[in-house]
Amino acid sequence: MADPAAVGKMDKIVALCKRRGFIFQSSEIYGGLNGAWDYGPLGVELKRNLKDYWWKSMTQMRDDIVGFDGSILMNRAVWQASGHEATFSDPMVECLLTKKRYRADQIEPQSGTAYYYKGLKIAQPGASQALTSEPTPGLQVLLKFVELPFAVLVPKGKPEASAQKTARQFYVTRGYAEDKIASLELEKSEPLENTTQFNPENGAELSPPRTFNLMFKTYIGPVADESAITYLRPETAQAMFVQFKNVLEVSRKKLPFGIAQVGKAFRNEINPRNFTFRSREFEQMEVEFFVKPGTGPEWLEKWKEERLAWYESIGIPRAKIHVLTVPEADRAFYSQGTYDLEYEFPFGIQELEGIAHRGNYDLKQHAEKSGKPLEYFDEEAKAKYLPEVVEPSAGVDRTVLALLCEAYAEETVKDEESGKEETRIVLRFVPRMAPVKVGIFPLLKNKPDLVAKARELQKALQPLMKVAYDEAGSIGKRYRRIDEEGTPFGITVDFETFEGAKTASTSATGASIAEGEKETVTLRHRDSMKQERIALADVPAYLLRAIS
RNA sequence: GCGGGCGUAGUUCAAUGGUAGAACGGUAGCCUUCCAAGCUACACACGAGGGUUCGAUUCCCUCCGCCCGCUCCA
């Protein structure tokens, strides 16, 4: 992450996102808002293409998953049952010496002798002598008392000196030079049994417990009292569990079957970072895939392979995805197995999607807490049971960012006439993800027949795909502009358009074009910068095939 | 949340305790027969608030934001 080239690349991507209108800072004119981002005209197209393709892959291309769109606000009881309310409000403590943070309930109780210091005496600024050396006879050193309480716990029998050593480290981290500390002022010492106020690793005092709640709390209705509390959802999954019975009933599906949802979720992250990667408001694409008890592990494997192939289909190569088998110690408490699919971002290898075998934890919790039966009745086995769930859960914003990082390329191009070299910036999105599919240009804007024909083509293509029309400046400049926007194709209406092909040629669709027979246009490819002539009539079909 | 760095047009960078410049980019017009050509004109910036000062973009403080390292990420 400290790699300057990687940092530089990320900076360039951020600048490009702003320059071309992919991503802006939220509330920018008011100084921004930490952890929130807006998608501009191109960004929203890219994001929509991603979500639409995921939706199509899940709900249209297979018949065992149905779609769903749950509300963001839900009954507070949902979050109590799911465990979010309890686990998101765990108190945390911080080591005053190392600044490391721990869950308060995971601190091992310690016994020993606690030494409480009121503060320290330091040499006044200007004292010329280091206090750690032997005092020079006759030299007066001015001392000042600084009040800064700190406490250390040492095992019984250990001398105060070991407590002093830790305390001195603490004062040094607070900015007092080791050689200026004359003495520490001990307030008291006392034996303590089973205390959790000290760091078991180094004996240093811990801060009082503070609550870090990662859910955004809000109030339903006009009165902001305890009974009105609920939360913005921290994940989209729960709505699908809560509505499991309704969806099952109306969709007439048998196990295994899944529910798919795309939507916003909110987490009050302590420290949003890395552009849009960790945001407080973000979007998820999740499937809750319900399977027969005992078959969770095999479905976990199937989904891992399925999802890897999917990322490849949106232009993220398999080689850039790292599959992390999350070790049991790091898994969420409900998980019986988790894969993280991680992408090589410029700022490090980071998670795009988590695929978790959640067992029947969620349905069981909601059945218990709501008192409503959520079992599935298996007609074949004539048995009622709670299904297990495998959940592929992908981050939309993270994947958009991965698409941008993967697409970003700089290359040196040489002008053939002048021999001058320059840098071309190009976003190599796969066509199906590209925000704009094709640029339409008249070669020259002061030739009315070229403009009219280009406008005609624009109108013809607009119902089929996102098109950009541009007539300003030189043709080369317009090509470069769409390169930076990641538009895979450019079509130029030129003088040859009306003449027909000069010599018989073959169109992109393989149909042969007789001389003077058809109107043709120049088709320019973003990645290779190669050009070919194509029959005007073939353009829609050619492009539709290329972007599907 | 802690520590460090940084905030000047859209971008990349200047300068300055007293009228803020450039390049590229943008817009408009002219021109231009395929890869950021040229000419002309125009628009656009000192992150916010407070303090010191006759006067602050510049010095000081607070806040906000971005980047980096920790931390955090049921």
Side-chain angles (χ1 to χ4, degrees), chain A residues 1-4 6-8 10-12 14-21 24-36 40 79 82-90 92 94-103 173-175 207 210 212-215 234-235 267-275 277-280 330-335 347 350-351 354 361 413-418 420 422-426 441-447 450 471-484 490-497 521-526 529-531 533:
Chain A
M1 199 183 291
D3 178 5
V7 171
M10 206 54 222
D11 287 346
K12 285 176 182 172
V14 172
L16 175 75
C17 282
K18 173 143 198 218
R19 185 166 77 238
R20 289 299 177 187
F24 306 121
Q25 205 177 4
S26 168
S27 322
E28 191 188 88
I29 64 169
Y30 287 104
L33 179 68
N34 191 229
W79 306 113
S82 68
H84 282 86
E85 190 171 279
T87 41
F88 269 62
S89 41
D90 266 346
M92 306 284 285
E94 191 175 271
C95 173
L96 295 181
L97 178 61
T98 62
K99 299 278 188 345
K100 276 194 179 174
R101 196 171 288 159
Y102 307 89
R103 274 174 57 172
T173 64
R174 293 301 164 109
S207 71
R210 291 171 60 191
F212 291 86
N213 196 322
L214 261 61
M215 286 198 292
E235 63 175 27
R267 290 185 195 179
N268 207 349
E269 298 286 354
I270 292 167
N271 193 359
R273 269 294 166 88
N274 289 326
F275 199 32
F277 182 82
R278 175 163 298 130
S279 303
R280 293 203 166 105
D330 296 346
R331 291 202 295 259
F333 59 86
Y334 55 71
S335 171
F347 47 80
Q350 298 279 347
E351 180 185 349
Y361 171 79
V413 291
K414 202 169 183 177
D415 186 77
E416 280 175 19
E417 282 169 34
S418 66
K420 185 176 67 171
E422 58 191 13
T423 302
R424 181 174 85 119
I425 294 173
V426 51
F441 315 114
L443 183 59
L444 297 177
K445 94 165 158 182
N446 58 0
K447 299 289 186 287
L450 294 185
E471 59 181 29
S474 71
I475 189 67
K477 188 168 182 170
R478 285 176 266 162
Y479 286 153
R480 290 303 170 80
R481 197 152 26 202
I482 66 167
D483 286 345
E484 259 197 28
I491 289 180
T492 301
V493 175
D494 49 33
F495 296 96
E496 250 183 273
T497 298
V521 289
T522 299
L523 172 67
R524 185 259 191 186
H525 297 269
R526 174 196 66 199
M529 305 204 303
K530 293 264 165 54
Q531 309 194 107
R533 288 210 74 77

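Proteins get letters first, then strands, A, B, ... in listed order; numbering begins at 1 in each. Given the structure is predicted, the values throughout are model-derived calculations rather than measurements.
When rounded to the nearest whole Å, the span between CZ of Phe275(A) and C1' of rC67(B) equals 13 Å. Atom pair Arg480(A):CZ and rG26(B):C1' shows a separation of 18 Å (rounding to whole Å applied). Look at CD1 on Ile425(A): it is 11 Å from P on rU12(B), rounded to the nearest Å. For the pair Arg278(A) CZ and rG1(B) C1', the interatomic distance rounds to 14 Å; values are reported in whole Å.
Residue side chain Tyr30(A) does not reach the base of rC64(B) through any donor-acceptor N/O pair under 3.5 Å, judged by distance alone. Judged by distance alone with a 3.5 Å cut-off, a donor-acceptor contact links the side chain of Glu484(A) to the base of rA36(B). The base of rA74(B) sits with one of its N or O atoms less than 3.5 Å from a complementary donor or acceptor on the side chain of Tyr334(A). Counting atom types as modelled, Arg273(A) pairs no side-chain N or O with a base atom of rC67(B) as donor and acceptor under 3.5 Å.
Residue Leu444(A) has its side chain nearest to rU33(B) when only rC72(B), rU33(B), rG26(B) are considered. In this structure, the nucleotide among rC68(B), rA74(B), rU33(B) sitting nearest to the side chain of Leu443(A) is rU33(B). Picking from rC31(B), rA36(B), rA74(B) the nucleotide with the shortest atom distance to the side chain of Asn446(A) gives rC31(B). For Asn271(A), taking side-chain heavy atoms from C-beta onward, the closest of the listed nucleotides rC70(B), rC73(B), rG25(B) is rC70(B). Considering only the side chain of Ile475(A), rC34(B) comes nearest among rU12(B), rG26(B), rC34(B). Taking only side-chain atoms of Lys18(A), from C-beta outward, the nucleotide of rG69(B), rC35(B), rU11(B) with the closest atom is rU11(B). The side chain of Arg19(A) approaches rU11(B) more closely than any other nucleotide in the set rU11(B), rA74(B), rG26(B). Nearest nucleotide to the Gln25(A) side chain, out of rU27(B), rC66(B), rG1(B): rC66(B).
With a cut-off of 3.5 Å on both Watson-Crick or G-U wobble distances, the partner of rG38(B) is given as rC30(B). Nucleotide rC63(B) forms a pair with rG47(B), judged by Watson-Crick or G-U wobble geometry with both contacts under 3.5 Å. Across every strand in view, rA22(B) sits in a pair with rU12(B) that passes the Watson-Crick or G-U test at under 3.5 angstrom.
Here the separation of rU71(B) from rG3(B), taken at their C1' atoms, is 11 Å to the nearest Å. Here, rU52(B) and rC61(B) have their P atoms 15 Å apart, quoted to the whole Å. For the C1' atoms, the distance from rG49(B) to rG7(B) is 16 Å, rounded to whole Å. rA15(B) and rU32(B) have their C1' atoms separated by 38 Å, given to the nearest Å. rG10(B) and rU16(B) have their C1' atoms separated by 24 Å, with the value rounded to a whole Å. For rA56(B) and rG50(B), the P atoms lie 12 Å apart once the distance is rounded to whole Å. rU8(B) and rA23(B): their C1' atoms are spaced 15 Å apart (whole Å). A distance of about 46 Å separates the P atoms of rC70(B) and rG38(B), rounded to the whole Å.
Of the side-chain N and O atoms in Lys445(A), one or more sit less than 4.0 angstrom from OP1 or OP2 of rG29(B). Contact check, Asn274(A) against rC66(B): no side-chain N or O comes under 4.0 Å of OP1 or OP2. Applying the 4.0 Å criterion to OP1 and OP2 of rA37(B), one finds that Ser474(A) has a side-chain N or O inside that range. For the OP1/OP2 pair of rC64(B) and a distance below 4.0 Å, the side-chain nitrogens and oxygens of Asn34(A) include no atom meeting the criterion.
Between the side chain of Arg280(A) and the backbone N or O of Asn34(A), at least one donor-acceptor pair lies under 3.5 Å. In this structure a side-chain-to-backbone donor-acceptor pair under 3.5 Å is present from Arg267(A) to Pro234(A). In this structure a side-chain-to-backbone donor-acceptor pair under 3.5 Å is present from Arg478(A) to Leu443(A). For Arg273(A) (side chain) and Arg278(A) (main-chain N/O), no donor-acceptor pair under 3.5 Å exists by modelled atom type.
Remark on RNA chain B: of its neighbouring residues Tyr479(A) and Pro272(A), the 5'-side contact belongs to Tyr479(A), judged by nearest-heavy-atom nucleotide.
Defined by atom type and a distance below 3.5 Å, a donor-acceptor pair is present between the side-chain atoms of Thr492(A) and Tyr479(A).
By the 4.5 Å heavy-atom criterion applied to side chains, Arg19(A) and Ile425(A) are counted as neighbours.
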- request: Using the side chain to side chain contact (heavy atoms under 4.5 Å, CB included) rule, take Phe495(A) and Leu450(A) through it: C-alpha gap first, then chi angles, then the decisive distance, then the call.
  value: CA-CA 7 Å; Phe495(A) 296 96; Leu450(A) 294 185; 3.9 Å; yes
